[in-house]
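So that the names make sense, note that chain A is the first sequence line, chain B the second, and so on, each numbered from 1.
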Amino acid sequence: FAFYPNRPKWKNHIITYTIARYTPDMKKEDVEKSVRSALKMWSDATPLKFIKINHRKADIVFSFSRRTHGDFFPFDGPGGVLAHAFMPGMGMGGDVHFDEDETWTMTLGKNWELNTYSDLLSVAAHELGHSLGLTHSRDPSAIMYPNYRHQSDAKYSLSNDDVRGIQTLYGGPNKKMETQVASKKCDLTFPQLFDAVTLIENEICFFKNRYNVFISSQIDAAYDIPAKGHKYWVVEQLKMKSRAGSIYEYGFSSRVRRVDAAVHVSEYGKTMFFVGEFYYRYDEHNRRMDPGFPRLIRNDWSGVPRRVDAAFKLQGSIFLLCGTKSYQYDFRQKQVVNVIPGKSWLGC
Amino acid sequence: FYTPRPKRPDLNSSSQQDYLKRFYSLNLGDHRPPVRSVRSASTMEEKIQEMQNFFGLKETGNMDPHTLNVMKEARCGDPDVDN
């Protein structure tokens with residue numbers, strides 16, 4: 001691996017990028033996907049984070065142009081030079097230019113009549129090495145080798161040479177950061193440990209203020225409705241699926257200003273909503289509240305404190321998180337069967 | 001702006017020179033005749049050897065088939081030396 005003179009690099013580890021001009025050879029989303037994959041190859045090996053913005057003032061501007069295109073390095077028509085990039089710096093620094101006279105594709109492939117490699121991922125990955133501060137490597141297996149690597153089958157990834165080069169400039173991925181976050185989650189000293197918890201596919205997702213922590217475990221998929229104030233959202237695959245809805249559509253009285261916790265019990269087709277010292281039971285089949293609710297929690301949930309912060313269902317039990325503890329409630333025996341410190345859910 | 005010079009008929013030698021100018025800082029311009037032809041031939045040979053060294057080829061100093069093949073491959077437009 002090699003560097004530019006004086007080893008220029010980005011001071012800030014959060015680097016913005018934008019795609020100023022696309023190629024007509026590929027769908028826009030395929031260009032973006034190829035660029036994202038190329039960026040990920042470098043961010044996986046470093047503490048760098050890449051953020052896409054729609055602004056030409058981004059640190060790295062990608063564009064497709066032909067022949068003379070505003071810098072002193074005109075392209076040469078089909079074949080030959082496919083792209084070039086500039087070392088880290090202001091203005092054009094870091095920018096990546098692709099030769100529009102090539103035929104760009106998403107897959108690794110050879111454009112036989114032009115005898116040129118035209119797959120955007122491998123070319124973008126190479127040029128990004130320049131944008132981050134690497135010049136050409138003499139190692140034929142390196143992405144930074146001047147001629148784009150002939151990787152028609154092997155999974156495209158950085159070679160050891162590329163990794164050693166880029167980590168000389170920026171260091172390795174933020175293991176420290178991960179442990180920091182980990183220790184941070186264990187330092188949780190809030191009186192109320194969690195605001196809400198839900199299950200998303202096979203992961204338990206805890207919410208606290210602006211944090212959320214995913215814990216993977218062997219659990220049945222369950223469904224909860226994390227509610228905030230008098231609004232609720234339906235989330236599917238972590239994409240906001242619906243506009244904010246009103247909890248009053250569920251039949252809550254107008255006095256209710258927020259829902260503390262919710263848990264669905266599929267065996268009965270019922271969803272429990274906990275509001276202050278009371279709870280409601282909602283019939284998902286009839287899509288309305290069961291009559292005779294709200295009722296006091298302490299009257300019906302033996303062993304559970306007066307208020308509930310968060311609730312979720314796991315392997316046949318309902319877990320109610322109150323303050324710093326979690327109560328495993330067996331809804332068949334109608335009693336608490338276990339009390340577990342809240343932090344233990346976070347591996348603390 | 002620099003406008004690309006139309007490639008001369010003997011494509012090979014001029015494109016080879018373009019390649020070495022662009023990626024190995026070949027500079028033939030600063031010799032005065034009649035020294036030019038002798039000096040530029042040796043400069044050219046040095047640059048070909050520099051390129052052969054970079055790509056791990058046998059450093060013959062002349063345009064053998066291996067060297068020509070490497071030159072024809074699709075590549076990045078950034079220089080290999082003095083970047």
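Looking only at side-chain heavy atoms (C-beta outward), B/V81 and A/H136 stay at 4.5 Å or farther from each other. Residues B/D80 and A/R138 are not in side-chain contact: their nearest non-hydrogen atoms beyond the backbone lie 4.5 Å or more apart. Side-chain contact between B/R75 and A/H84 is absent, with no heavy-atom pair separated by less than 4.5 Å. Between A/P146 and B/F55, some side-chain heavy-atom pair lies under the 4.5 Å cut-off. Considering only heavy atoms from C-beta on, A/Y148 stays 4.5 Å or farther from B/E73 through its side chain. For the pair A/E127/B/D78, a side-chain contact is recorded, criterion being any heavy-atom separation below 4.5 Å from C-beta on.
The number of heavy-atom neighbours closer than 6.0 Å to NZ of A/K33, taken from other residues, nucleotides and ligands shown, is 12 or below. Counting non-hydrogen atoms of other residues, nucleotides and ligands closer than 6.0 Å to CG of B/D64 gives a total above 12. The environment of NE2 in A/H13 is crowded: more than 12 heavy-atom neighbours from other residues, nucleotides or ligands sit within 6.0 Å. A/N12 CG: more than 12 foreign heavy atoms inside a 6.0 Å radius.
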Exercise for the section: Show your working on side-chain contact (heavy atoms from CB on, under 4.5 Å) between A/H130 and B/C76 and close with a plain yes or no. Expected result: CA-CA 10 Å; A/H130 291 310; B/C76 168; 3.4 Å; yes
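Contacts of B/D82 with chain A are absent, with no heavy-atom separation under 4.5 Å from either backbone or side chain. For B/V70, the parts lying near chain A are the backbone and the side chain together; criterion is any non-hydrogen pair under 4.5 Å. Contact of B/F23 with chain A is made through the side chain alone, with heavy-atom distances under 4.5 Å.
Closest approach of A/V81 to B/G77, counting heavy atoms only: CG1-CA, 3.4 Å.
In this structure, A/D76 CG and B/R22 CZ are separated by 6.0 Å, a value rounded to the nearest 0.5 Å.
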